[in-house]
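When a ligand or atom number is given, it counts from 1 through the structure's own listing order.
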Amino acid sequence: VRPFIEPVPLPALYTSIGFSIFALLATLYIIPAVGPAFIKANLKGIDLLKTDKTPVPESQGLVCAAVYILFLILFIPFAFSDSISNSTKKTREGISVIEFPHHQLSVYLSSLLSLLIATLLGFLDDVFDIRWRHKIPIPIIASIPLLMVYYAERGNTHVVVPIPLRFLFGTLVNLGPLYYIYMSLLSTFATNSFNILAGINGSEVSQALIIAISVILNDLLYLPWPLDFRIPLHLLGNRADVEVGGVWSAGMAYGSQELVERHLFSLYFMLPMVAVCAGFMYHNWYPARAFPGDTLCYVTGMAFAVVGIQAHFSKTLLLFFIPQIFNFLLSCPQLFGLVPCPRHRVPRIDHDTNLLHPSKALFMRPPTNLSTLILKTLSALGLTQLTTHPSNGTILEANNLTILNFFLLRLGPMNEKRLVQVLMCSQVAGSMFAFTVRYGLAGLVYDG
Ligand code: UD1
Ligand code: MG
């Protein structure tokens with residue numbers, strides 16, 4: 001363990017912030033400028049919840065992805081500017097060469113590779129409407145470069161067992177290969193979960209924006225404040241141990257310098273993410289002048305998987321996905337064919353009042369016993385609403401199983417803008433809950 005935490009390379013950090021401002025301006029400007037070209041290329045969609053049926057440019061997440069990846073590539077030399085300028089060091093014996101941090105470069109490049117695959121997949125999905133069974137494995141394959149780098153870094157695969165379960169499993173459990181399977185599933189989950197929580201103006205991009213801001217706040221907790229001081233480790237005392245992951249992982253042996261570097265890496269990837277999302281949101285806000293398409297869902301989802309895996313906070317990251325996890329679990333009966341799944345599950349609009357109501361899935365055939373049991377349970381829990389046959393009680397219709405329909409069921413009909421605001425509030429509340437669990441409650445079941 002090194003005796004010091006080196007100061008944060010401020011020029012690199014400021015460059016990242018500067019690039020992000022450029023990225024914001026670029027998305028703000030380019031999206032409307034290329035709209036007509038997208039429509040000409042048949043990348044367009046009809047807004048399902050408006051009376052006006054003029055086509056809106058679709059898949060404009062491609063612009064976000066392009067700007068995002070471009071700035072990440074331009075940033076590479078700056079991310080390593082410290083190593084480039086300090087490649088040699090004077091010692092008592094003469095001049096010694098400081099080794100270039102190749103592992104950090106491979107972390108950065110493999111992340112770019114995964115982001116590029118996600119962009120390609122998302123765009124192909126927009127153009128060809130790829131089938132579910134083909135869509136699911138691709139992000140898993142795209143995560144292989146990340147996992148290989150994780151392995152090469154001797155990434156941790158242990159989890160700390162909560163105190164009440166220690167008499168069974170001991171303090172630490174090595175999940176080994178299971179941990180790698182978990183991380184590759186994380187990339188599939190992150191990419192697809194935004195895509196199935198979609199269909200109202202601003203929904204996809206607002207989720208990405210709020211999660212990116214949450215990740216940045218989490219990263220800031222790990223930087224050595226004040227940023228331009230060299231901090232002797234002994235001054236940090238216990239704080240370093242607790243934050244290094246005494247709570248969640250067994251990464252303590254790394255010392256804090258690595259921890260700072262990993263969270264800086266995450267910051268470098270999240271600052272431009274916030275920028276392109278904010279720029280896109282301006283045009284996607286109700287009434288939308290641009291649609292994100294699957295490209296935006298995939299590239300943003302993959303960016304979160306990348307930072308979660310590479311900066312070793314995938315479990316904390318998952319806590320920021322509470323609304324998406326809820327929506328996914330609720331959607332399972334429809335995704336796995338137990339309940340009919342129409343092409344669009346977006347809420348239904350009543351054009352007279354301009355209010356949204358839950359949309360319904362229609363049973364063409366009577367549901368199986370298993371489907372009936374699941375739907376009756378969900379209905380008893382207040383998660384869906386059923387229409388049953390007046391005489392024999394078979395289910396005829398069920399509200400589509402999405403969090404958006406759930407909000408409309410519980411809070412009553414509302415307009416599209418209000419619904420996206422409710423979704424954003426739930427995302428913010430989810431993040432606040434995540435911070436409480438991660439830094440507050442974890443102390444109750446783990447000894448930090
Ligand atoms: C996913 C959802 C589907 C939802 C759709 C909406 C699942 C399994 N699939 O499908 O239920 O209806 O996203 O995006 O949950 N659109 C709007 N307003 C918006 C955004 C999109 O009307 O703010 C419409 C447009 O017609 C647009 C279309 O949705 O063309 C895009 O749908 P697409 O992304 O292709 O649907 P999926 O991702 O396959
Ligand atoms: Mg979609």
Quiz prompt | Nearest non-hydrogen protein atom, atom 22 (O) of ligand 1 | solution = Leu48 N, 2.8 Å
Practice problem: Would you mind telling me if ligand 1 is within reach of the side chain of Asp294, the backbone, both or neither, using heavy atoms under 4.0 Å? | Solution: side chain
Quiz item: Is any N or O atom of Glu58, backbone or side chain, closer than 3.5 Å to an N or O atom of ligand 1?
Solution: yes
Practice problem: Indicate the ring-plane relationship of Tyr222 and His263, choosing parallel, tilted or perpendicular according to the 30° and 60° boundaries. | Solution: parallel
Quiz item: Got the closest protein heavy atom to atom 21 (C) of ligand 1, with its distance?
Solution: Gly199 CA, 4.0 Å
Quiz prompt | Val346: numbered ligand 1 atoms lying under 4.0 Å from its heavy atoms | solution = 12 (O)
Self-check item: Validation row: Cys64, Ile31 side chains within 4.5 angstrom (heavy atoms)
Solution: yes
Quiz item: N/O to N/O below 3.5 Å, does that happen between Glu416 and ligand 1?
Solution: no
Practice problem: Kindly confirm or rule out an N or O of Gly202 lying under 3.5 angstrom from an N or O of ligand 1. | Solution: no
Exercise. Name the closest protein heavy atom to atom 9 (N) of ligand 1, giving the residue it belongs to and the distance to 0.1 Å.
Key: Ile196 CG2, 4.4 Å
Quiz item: Is a salt bridge present between Asp125 and Arg131, judged by a nitrogen-to-oxygen distance below 4.0 Å?
Solution: no
Quiz item: Can you tell me the protein heavy atom closest to atom 11 (O) of ligand 1 and the distance?
Solution: Arg345 N, 2.9 Å
Quiz item: At what distance is the nearest protein heavy atom to atom 23 (O) of ligand 1, and which residue and atom is it?
Solution: Asn201 ND2, 2.9 Å
Quiz item: Looking at Pro139 and Lys135, what are the two nearest heavy atoms and their distance?
Solution: CD-O, 3.0 Å
Self-check item: Exercise: identify the closest heavy-atom pair between Ser431 and Ile210
Solution: OG-CG2, 4.3 Å
Exercise. Considering the heavy atoms of Phe291, write down every atom of ligand 1 situated less than 4.0 Å from one of them.
Key: 17 (C), 18 (N), 19 (C), 20 (C), 23 (O), 25 (C)
Quiz item: Should Asn195 be counted as touching ligand 1, given the test is an N or O pair under 3.5 Å?
Solution: yes
Exercise. Please check if any side-chain donor atom of Gln324 sits under 3.5 Å from a side-chain acceptor atom of Ser193, or the reverse.
Key: no
Quiz item: Among side-chain atoms of Glu153 and Gln310, is any donor-acceptor pair under 3.5 angstrom?
Solution: no
Quiz item: Against heavy atoms of Leu335, which atoms of ligand 1 measure under 4.0 Å?
Solution: 8 (C)
Quiz prompt | Rounded distance (nearest 0.5 Å) linking atom OH of Tyr268 with atom CG of Asp219 | solution = 11.0 Å
Practice problem: Could you tell me the residue and atom name of the protein heavy atom closest to atom 32 (O) of ligand 1, and the distance to it rounded to 0.1 Å? | Solution: His344 CE1, 3.6 Å
Practice problem: Establish, from distance only, whether the side-chain atoms of Thr402 and Asn405 form a donor-acceptor pair under 3.5 Å. | Solution: yes
Quiz item: Against heavy atoms of Gly45, which atoms of ligand 1 measure under 4.0 Å?
Solution: 30 (O)
Quiz item: Taking both backbone and side-chain atoms of Glu204, is any N or O found less than 3.5 Å from an N or O belonging to ligand 1?
Solution: no
Practice problem: Answer yes or no for Asp126: is there a heavy-atom contact with ligand 1 below 4.0 Å? | Solution: no
Self-check item: the Mg ion (ligand 2) to Asp294: nearest N/O/S atom name
Solution: OD1
Quiz item: When the ring planes of Phe320 and Phe435 are compared, do they come out parallel, tilted or perpendicular, using 30° and 60° as the limits?
Solution: tilted
Self-check item: Gap separating the CZ atom of Phe269 from the CG atom of Leu264, nearest 0.5 angstrom
Solution: 12.5 Å
Quiz item: Going by atom types alone, do Asn201 and Lys50 pair a side-chain donor with an acceptor below 3.5 Å?
Solution: yes
Quiz item: Looking at atom 25 (C) of ligand 1, what's its closest protein heavy atom, distance included?
Solution: Ile46 O, 3.2 Å
Quiz item: Starting from atom 35 (O) of ligand 1, which protein heavy atom do you reach first, and at what distance in Å?
Solution: Arg343 NH2, 3.0 Å
